[in-house]
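Comments concern the structure below.
In this text, all values refer to a predicted model and were calculated from it rather than measured experimentally. All ligand and atom numbering here is 1-based and tracks the order in the structure. The figures that follow rest on heavy atoms only: side chains count, while hydrogens, waters and symmetry mates do not.
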Amino acid sequence: MGSYLLSILAIGATLPCVVARQQFTFGTNWQAQFHSLSSPVNVASKGPPSGEDEDRIPIRIDNRCEDTIWPGIFTQAGTGPGTGGFELVPGNKTELWVSPDWQGRIWGRTNCTVDGDRASCDTGECGKLDCESSGVPPATLAEFTLAGGENNMQTFYDVSLVDGYNIPIAVNHIPSKNTSFIPPNLTNLACIATAGWLYESNATSTVYANTSYPVPWEMDESNDSVSSWCPWPYLKFPPAKPGHGVFPYPDDNIERPAFSPCNSACAASGKDKDCCAGKYNDPKVCKPSRYSKTAKDVCPDAYSFAYDDQQSTFIIPKGGGWEVVMCPKGRSTTILRQLGDVMFGLADSGELSDEALARLQNTTFINMEKGAGSGLTVELTWLVLTVLLVVSLSV
Ligand SMILES: *[C@@H]1O[C@H](CO)[C@@H](O)[C@H](O)[C@H]1NC(C)=O
Ligand SMILES: *[C@@H]1O[C@H](CO)[C@@H](O)[C@H](O)[C@H]1NC(C)=O
Ligand SMILES: *[C@@H]1O[C@H](CO)[C@@H](O)[C@H](O)[C@H]1NC(C)=O
Ligand SMILES: *[C@@H]1O[C@H](CO)[C@@H](O)[C@H](O)[C@H]1NC(C)=O
Ligand SMILES: *[C@@H]1O[C@H](CO)[C@@H](O)[C@H](O)[C@H]1NC(C)=O
Ligand SMILES: *[C@@H]1O[C@H](CO)[C@@H](O)[C@H](O)[C@H]1NC(C)=O
Ligand SMILES: *[C@@H]1O[C@H](CO)[C@@H](O)[C@H](O)[C@H]1NC(C)=O
Ligand SMILES: *[C@@H]1O[C@H](CO)[C@@H](O)[C@H](O)[C@H]1NC(C)=O
């Protein structure tokens, strides 16, 4: 039961379902905001929504894993797709529909044993085949607030490792008439931290977009490094230690299976310090743990802990639909570090300026920004950009 509670807290940590300009306010307490929003005002219904295509939003789930995946879908607000989960065989896709104000999360359950309407799974389990709650960590999450921000005109979305990581996930925008001007290389993110699923290192690639829209990629990881990023104590299924109790084998050198689910520090310890709760519920006090740092290295565009929002939330004008890919191959994207200010400008104004377009086409700029890494410099750069942006917007 404890883990259900944790995952509910984690949704709060990772769904910035509030006013647009507030994404520029660092250190907003998203958890508290979320809880105040999950009042009875936000009624969630199972769905699916009725009506014409303009009145509903497509959500596609695509299984590119070699194994069957049982997607889980949890609707927090709005009208859900009519299902909370089902079996998806390798290579298959399902198209679902939700209401334009839907808010919810999608994750992949692995190695489930289904018995009637019950399902018990290695990861992401919710108890039932058709989930009525969120899943037990660890699970990589794709989270959406389709109508958020000022006047509810923006879609907020993210991939979150706040609940841990089980499989690679990518999120692709499905353009609608009024969002087709947004280049897919600003919207389509991936988080891949599983050995065997990584392509050769390349600064950009068109794998998640089309041949004319290269997406910036993380450049530093290898199959080896992603097979050992999870701190040993957080492994959900730690391999047996050959020298257990006899030889002092360094745990990190023991080979791990490719699919090796990783609890987050918060999910593993439940401590205030790791969950940014209690006296740690303050961005100045709650610092990234070792888990969050390695998670951010392998998946720069994903949430790694509760106060990670300035480099983890995607925001674009609303209208389009979404595809969630389970086990994409490629590399993790690093869109927010490199192009985040362009994207936030777009979210705020609803259009791309000539300057923004020029920047998107300037590979010198993009290459200079790459590898900007984590840490203070980047945060300060962000802060400066942000302040400039806020100032320029308010005059
Ligand atoms: C693949 O998905 C389609 C559409 O959701 C479904 O009708 C079909 O039964 C699925 N195929 C398998 C083998 O499960
Ligand atoms: C499912 O379990 C098998 C056997 O333990 C394992 O090889 C496989 O990687 C697991 N699949 C996933 C997606 O975790
Ligand atoms: C990772 O392993 C896969 C499968 O063995 C291989 O195709 C790929 O090239 C490797 N990636 C890197 C970056 O070495
Ligand atoms: C890496 O980028 C180069 C230049 O854009 C491209 O020709 C090559 O196909 C890319 N390799 C991969 C593995 O995407
Ligand atoms: C790539 O995607 C953009 C935006 O969705 C579209 O306008 C363009 O026609 C596509 N290009 C190709 C070659 O498919
Ligand atoms: C795009 O069009 C949809 C459907 O007509 C509408 O609901 C939505 O508000 C529009 N988005 C924007 C940003 O104007
Ligand atoms: C995004 O796509 C545009 C249009 O093809 C391209 O000029 C630009 O370099 C791409 N941006 C990145 C970061 O790859
Ligand atoms: C591209 O970006 C670099 C680095 O910011 C800058 O020096 C250069 O002037 C830009 N080029 C264009 C054509 O804007």
Who's the nearest protein heavy-atom neighbour of atom 14 (O) of ligand 3, and how far? Asn223 ND2, 3.5 Å
Do any nitrogen or oxygen atoms of Glu200 lie less than 3.5 angstrom from nitrogen or oxygen atoms of ligand 3? yes
Anything under 30° is parallel, anything over 60° is perpendicular, the rest tilted; go ahead and classify Tyr208 against Trp217. tilted
If you count every heavy atom of other residues, nucleotides or ligands that lies below 6.0 Å from Glu66 atom CD, does the total exceed 12? no
Please check if the distance between the ring centroids of Phe86 and Trp70 is under 6.0 Å. no
For the rings on Trp229 and Tyr234, is their centre-to-centre separation under 6.0 Å? no
Quick one: does ligand 3 sit under 4.0 Å from the side chain of Tyr199, the backbone, both or neither, non-hydrogen atoms only? backbone
Starting from atom 10 (C) of ligand 2, what is the nearest protein heavy atom, named by residue and atom, and what distance separates them? Asn111 ND2, 2.5 Å
How far apart are the closest heavy atoms of Cys230 and Arg256, and which atoms are they? O-NH1, 2.7 Å
Counting from 1, what ligand 6 atoms have a heavy atom of Pro317 closer than 4.0 Å? 13 (C)
Only one of Ile167, Ile69, Val325, Asn92 clears side chain to side chain contact (heavy atoms under 4.5 Å, CB included) with Arg64; which? Val325
Ligand 6 N/O within reach of Lys318 N/O, cut-off under 3.5 Å: yes
Around Lys46, counting heavy atoms of other residues, nucleotides and ligands shown, do more than 12 lie under 6.0 Å from its NZ? yes
Check for me whether Ser222 has a heavy atom closer than 4.0 Å to any atom of ligand 3. no
Counting only nitrogen or oxygen atoms and a 3.5 angstrom limit, does Asp67 reach ligand 2? yes
Using protein heavy atoms only, decide if any is under 4.0 Å from atom 5 (O) of ligand 2. no
On a heavy-atom basis, which atom in Glu125 and which in Ser120 lie closest, and how many Å separate them? OE1-CA, 3.0 Å
May I ask whether atom 2 (O) of ligand 2 is less than 4.0 Å from at least one protein heavy atom? yes
Which atoms of ligand 3 sit under 4.0 Å from any heavy atom of Leu198? 1 (C), 8 (C), 10 (C), 11 (N), 12 (C)
